[in-house]
Enquirer: 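The following block contains the structure, expressed as structure tokens.
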Amino acid sequence: MAHVVVLGAGLGGVIMAYEMKEKLGPDDRLSVVNLGETYSFVPSNPWVAVGWRDRDEISVDLKSAFSRHGIGFHPEGAAKLDPENNRIELNGGETLDYDYLIISTGPALAFDEIEGLGPKHFTQSICQIDHAEAAKSAFDKLVANPGPIVVGAVQGASCFGPAYEFAFILDTALRQAKIRDQVPITFVTPEPYIGHLGLDGVGDTKGLMEGAMRDRHIKWITNAKVTSVEEHTMHVEEVDEKGEVKQGYALDFNYAMMLPAFRGIDAVQGLEGLVNPRGFVVIDDYQRNPKYQNVFGIGVCVAIPPVGKTPLPVGVPKTGFMIESMVTATAENISALLKGGKPEAVATWNAVCLADFGDEGVAFVAQPQIPPRNVNWAKRGKWVHFAKVGFEKYFLHKVRSGQPDTFYENLALHLLGVKKLKEIEIRPAD
Ligand SMILES: Cc1cc2nc3c(=O)[nH]c(=O)nc-3n(C[C@H](O)[C@H](O)[C@H](O)COP(=O)(O)OP(=O)(O)OC[C@H]3O[C@@H](n4cnc5c(N)ncnc54)[C@H](O)[C@@H]3O)c2cc1C
């Protein structure tokens, strides 16, 4: 009889729990440790931040969902992991022992690395539901008192799609409020070019994203390092190919949203062999930690090297499809180990992403993630917005019920031209 624990019940952890439960025997036990009793769908946060969704519409009560599936739940969260003794110290002092552990704790947000950055200071965030709600209050103030917006991501970030999405969503929401003409928008990013996305571009994301920005009068600064933020002013240095400062900017704003760099959560920081110096979980091809072989990692918390050298640090994104493939490989590998076998399942790690603009969007598929690729596809259209809404409904249904919602899955996958979620096949050249 084995006790499997999933640490972190976000996008990866919740489906990990359901997939793992399916593979366990009747005597095995499954528990989930999370910070909080509720799941909320992070990809909808940009919509919350302009009032197109509220918290309840994108949240699921995990306590009842897990209890219906016979999954133990500890919503107090982990204070410290003790992998030498196969133990988690929970907030509040209790401990939980495990035979196998899957870490899916997502990112800690490194706002403190730049003076004045983050919701406790002068810039908004859409990384968490609380942040998105605060960003909505700030957006309401902007509508009442229009002025410039600065939006984007800081050096070391590894999540660029949502930064672009939010720039375009703000543009759409401001046009709907009929005040776009009073709000200049500047997009600030460490990427060496627009549409790089931490993946050295996918298909023609450079052309598509630049074109969309020109269409919507969004200016941009690439190779941009944010040095500090004050109330209403962001200090930015644009660097050249060698990383040397080319030009400095003091960008005035009435509203700013910048995605921070990520690092690992405190509960795993500094555990030698388990995590890298930034606290991301080190894994092998089978999602397994080489030192602690009963510990696996999935989602944003795992370490992935950058795709290539850039003047400023630009991380690789870990998107939903990629995370789902990590989940399936991990469930299969732990199941094999429990049956006395060896881990053999490898995640596809393909990047599939829908960047919503509120009324249209850009979709892209990168297979594999690192170029040169077998599939390198990107397309702009109104259908992307509807596909994204489909994914939201599909995923929230899956979290509530533990079952895949085939209607929405099929709708979204058909729109995307993808036949299967985990074995991506692309329709030729449309
Ligand atoms: C604004 C935004 C929009 C995005 N949009 C998309 C999109 O449209 N499509 C896409 O494919 N990807 C998107 N992503 C990327 C990615 O899919 C999401 O970030 C996704 O939520 C990552 O899943 P995860 O399970 O790794 O982490 P998370 O979903 O962040 O989950 C981590 C979980 O760990 C828990 N946790 C943290 N610390 C502890 C602790 N000490 N103890 C216990 N639990 C803990 C948290 O409470 C949380 O529940 C987006 C990311 C962001 C930030």
Side-chain angles (χ1 to χ4, degrees), residues 5-17 31-49 58-60 62 73-81 88-92 96 101-109 124-132 135 153 157-166 169 197-198 257 259-260 262-269 279-281 297-302 315-327 350-356 361-365 384-385 387-389 391-392 395 399 412 416:
V5 174
V6 178
L7 179 56
L11 188 140
V14 174
I15 53 171
M16 185 72 244
S31 305
V32 175
V33 178
N34 189 50
L35 260 185
E37 295 188 356
T38 315
Y39 169 79
S40 76
F41 187 60
V42 170
S44 296
N45 284 349
W47 293 338
V48 172
I58 62 158
S59 299
V60 177
L62 288 175
F73 187 42
H74 301 266
E76 57 271 53
K80 197 72 201 166
L81 178 63
I88 305 169
E89 192 188 306
L90 302 178
N91 289 321
L96 189 68
L101 175 70
I102 303 151
I103 305 178
S104 49
T105 43
L109 308 171
Q124 304 301 320
S125 158
I126 49 168
C127 292
Q128 294 172 356
I129 180 75
D130 295 346
H131 297 169
S158 51
C159 191
F160 296 97
Y164 287 98
E165 276 196 325
F166 197 52
I169 286 170
L197 299 165
M257 195 301 294
L259 293 179
F262 292 165
R263 62 179 174 231
I265 63 156
D266 288 349
V268 300
Q269 282 284 1
F280 290 111
V281 179
I298 59 149
V300 171
C301 69
V302 303
V316 176
K318 293 149 207 165
T319 55
F321 270 111
M322 200 189 279
I323 296 171
E324 293 209 12
S325 80
M326 297 185 202
V327 166
N350 299 315
V352 180
C353 207
L354 300 171
D356 172 57
V362 167
F364 60 84
V365 182
V384 177
H385 174 68
K388 183 105 187 189
V389 174
F391 272 122
E392 180 197 49
F395 199 86
V399 172
L416 197 59

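Both counts, for ligands and for their atoms, begin at 1 and track the order of listing. All values derive from a computational prediction rather than experimental measurement. Along the sequence shown, the residues carry numbers beginning at 1.
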Enquirer: Which of these, Leu11, Ile103, Ile298, sits in a side chain to side chain contact (heavy atoms under 4.5 Å, CB included) with Met16?
Expert: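 Among the candidates, only Ile298 passes.
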
Enquirer: Look at atom 53 (C) of ligand 1 and say which protein heavy atom is nearest, naming residue and atom and giving the distance to 0.1 Å.
Expert: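 I find the closest protein heavy atom is Val42 CG1, 3.7 Å.
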
Enquirer: Pick out which of Leu197, Leu354, Val352, Thr319 makes a side chain to side chain contact (heavy atoms under 4.5 Å, CB included) with Phe364.
Expert: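 The single option meeting the side chain to side chain contact (heavy atoms under 4.5 Å, CB included) with Phe364 is Leu197.
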
Enquirer: Is it the side chain (CB and beyond), the backbone, both or neither of Ile323 that lies under 4.0 Å from ligand 1, heavy atoms counted?
Expert: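 The part of Ile323 near ligand 1 is the side chain, not the backbone.
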
Enquirer: Going through the distances and angles, do Phe73 and Leu62 end up as a side-chain contact (heavy atoms from CB on, under 4.5 Å)?
Expert: CA-CA 8 Å; Phe73 187 42; Leu62 288 175; 3.8 Å; yes

Enquirer: Can you see which heavy atom on Asn91 is nearest to which on Glu76, and at what distance?
Expert: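 Looks like ND2-O, 2.8 Å.
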
Enquirer: Go through it in stages, so that I can follow the logic: the residues are Phe391 and Phe321, the test is side-chain contact (heavy atoms from CB on, under 4.5 Å), and I'd like the CA-CA distance, side-chain angles, deciding distance and then a yes or no.
Expert: CA-CA 11 Å; Phe391 272 122; Phe321 270 111; 3.6 Å; yes

Enquirer: Which of the atoms of ligand 1 are close to Lys388, meaning less than 4.0 Å from one of its heavy atoms?
Expert: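 Every atom of ligand 1 under 4.0 Å from some heavy atom of Lys388: 7 (C), 8 (O).
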
Enquirer: Provide, to 0.1 Å, the distance between atom 35 (C) of ligand 1 and the closest protein heavy atom, together with that atom's residue and name.
Expert: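 Of the protein heavy atoms, Asn34 OD1, 3.2 Å lies nearest.
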
Enquirer: May I ask you to check if ligand 1 and Asn45 share an N or O to N or O distance below 3.5 Å?
Expert: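 In fact, backbone or side chain, Asn45 has no N or O that close.
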
Enquirer: Below the 3.5 angstrom mark, is there an N/O of Leu11, backbone or side chain, next to an N/O of ligand 1?
Expert: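 Looking only at distances, the answer is yes, because the N/O contact criterion of under 3.5 Å is met.
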
Enquirer: Of the backbone atoms (N, CA, C, O) and the side-chain heavy atoms from C-beta on, which set of Pro43 has a member under 4.0 Å from an atom of ligand 1: side chain, backbone, both, or neither?
Expert: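 Contact part for Pro43 vs ligand 1: both backbone and side chain.
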
Enquirer: Taking it one step at a time, do Ile129 and Asn45 satisfy side-chain contact (heavy atoms from CB on, under 4.5 Å)?
Expert: CA-CA 6 Å; Ile129 180 75; Asn45 284 349; 4.0 Å; yes

Enquirer: What protein heavy atom sits nearest atom 11 (O) of ligand 1, and how far away is it?
Expert: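 Going atom by atom, the protein heavy atom closest to atom 11 (O) of ligand 1 ends up being Gly320 N, 2.5 Å.
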
Enquirer: Is it the case that the side chain of Glu37 and the backbone of Pro75 share a donor-acceptor pair, with hydrogens and angles ignored and the cut-off at 3.5 Å?
Expert: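 No; zero donor-acceptor contacts below 3.5 Å.
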
Enquirer: Under a 4.5 Å cut-off applied to non-hydrogen side-chain atoms, are Leu109 and Cys127 in contact?
Expert: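 In contact.
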
Enquirer: Short list, please: which atoms of ligand 1 are under 4.0 Å from a heavy atom of Val33?
Expert: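 Numbered from 1, ligand 1 contributes 43 (C), 44 (N).
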
Enquirer: So, Ser104 side chain and Leu7 main chain: donor-acceptor pair closer than 3.5 Å or not?
Expert: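 Yes, the answer is positive, given that a donor and an acceptor are paired below the 3.5 Å cut-off.
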
Enquirer: Does Ile126 form a side-chain contact (heavy atoms from CB on, under 4.5 Å) with His131? I'd like the steps, not just the answer.
Expert: CA-CA 6 Å; Ile126 49 168; His131 297 169; over 6 Å; no

Enquirer: Do any nitrogen or oxygen atoms of Ala78 come within less than 3.5 Å of a nitrogen or oxygen of ligand 1?
Expert: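 Such a contact does occur with ligand 1.
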
Enquirer: Do Ile15 and Glu324 come within less than 4.5 Å of each other through their side chains, counting heavy atoms only?
Expert: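 SC-SC contact between Ile15 and Glu324 confirmed.
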
Enquirer: Is it true that Cys159 lies under 4.0 Å from ligand 1, counting heavy atoms only?
Expert: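 In this structure, Cys159 qualifies as a contact of ligand 1 - some heavy atom is under 4.0 Å.
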
Enquirer: Could you check whether Lys318 makes a cation-pi contact with Phe280, meaning its NZ or CZ is under 6.0 Å from the centre of the six-membered ring and within 45° of the ring axis?
Expert: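 The answer is yes; both the distance and angle limits are met.
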
Enquirer: Under 3.5 Å between any N/O of Gly12 and any N/O of ligand 1: does that happen in this structure?
Expert: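 Yes, since at least one N or O of Gly12 sits under 3.5 Å from an N or O of ligand 1.
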
Enquirer: Report the part of Ala355 in contact with ligand 1, treating N, CA, C, O as backbone and CB onward as side chain, heavy atoms under 4.0 Å; options are side chain, backbone, both, neither.
Expert: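 Under 4.0 Å from ligand 1, Ala355 contributes no heavy atoms.
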
Enquirer: Under 4.0 Å from any heavy atom of Ser104, which atoms of ligand 1 are there?
Expert: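 The list of qualifying atoms is 32 (C), 33 (C), 34 (O).
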
Enquirer: Side chain, backbone, both or neither: which part of Lys318 has a heavy atom under 4.0 Å from ligand 1?
Expert: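 For Lys318, only backbone atoms sit under 4.0 Å from ligand 1.
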
Enquirer: Starting from atom 33 (C) of ligand 1, find the nearest protein heavy-atom neighbour and note its residue, name and distance.
Expert: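 The answer is Gly10 N, 3.6 Å.
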
Enquirer: Counting only N and O atoms by type, is there a donor-acceptor contact under 3.5 Å from the side chain of Asn34 to the main-chain atoms of Gly8?
Expert: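 No, Asn34 side chain to Gly8 backbone: no donor-acceptor pair under 3.5 Å.
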
Enquirer: Specify whether the nearest protein heavy atom to atom 47 (O) of ligand 1 is under 4.0 angstrom away.
Expert: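 Yes, there is a protein heavy atom closer to it than 4.0 Å.
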
Enquirer: What do you reckon, does Leu35 have a nitrogen or oxygen under 3.5 Å from a nitrogen or oxygen of ligand 1?
Expert: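 Yes; at least one N/O pair falls below 3.5 Å.
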
Enquirer: Please work out whether the ring planes of Tyr39 and Phe395 are parallel, tilted or perpendicular, with thresholds of 30° and 60°.
Expert: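 Correct class here is tilted.
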
Enquirer: Identify, for atom 36 (N) of ligand 1, the protein heavy atom at the shortest distance, and state residue, atom and that distance.
Expert: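 Ranked first by proximity to atom 36 (N) of ligand 1 is Thr105 O, 4.1 Å.
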
Enquirer: Is ligand 1 under 4.0 Å from a heavy atom in the side chain of Asp356, in the backbone, in both, or in neither?
Expert: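 It is neither; nothing of Asp356 touches ligand 1.
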
Enquirer: Give the residue, atom name and distance (to 0.1 Å) of the protein heavy atom nearest atom 50 (C) of ligand 1.
Expert: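 Checked against all protein heavy atoms, atom 50 (C) of ligand 1 sits closest to Pro162 CG, 3.8 Å.
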
Enquirer: Which atoms of ligand 1 are found less than 4.0 Å from any heavy atom of Ala9?
Expert: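 By the 4.0 Å cutoff, the relevant atoms are 33 (C), 49 (O).
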
Enquirer: For atom 26 (O) of ligand 1, grab the closest protein heavy atom and report residue, atom and distance to one decimal in Å.
Expert: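 So the nearest neighbour among protein heavy atoms is Val300 N, 2.8 Å.
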
Enquirer: Minimum heavy-atom separation for Phe41 and Glu392, please, with both atom names.
Expert: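 That closest heavy-atom pairing would be CE2-CA, 3.6 Å.
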
Enquirer: Give me the nearest non-hydrogen protein atom to atom 27 (O) of ligand 1 as residue plus atom name, then the distance to 0.1 Å.
Expert: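 Minimum-distance protein heavy atom for atom 27 (O) of ligand 1 reads Gly106 CA, 3.3 Å.
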
Enquirer: Would you mind running through ligand 1 and noting each atom that sits below 4.0 Å from a heavy atom of Pro107?
Expert: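 By the 4.0 Å cutoff, the relevant atoms are 30 (O).
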
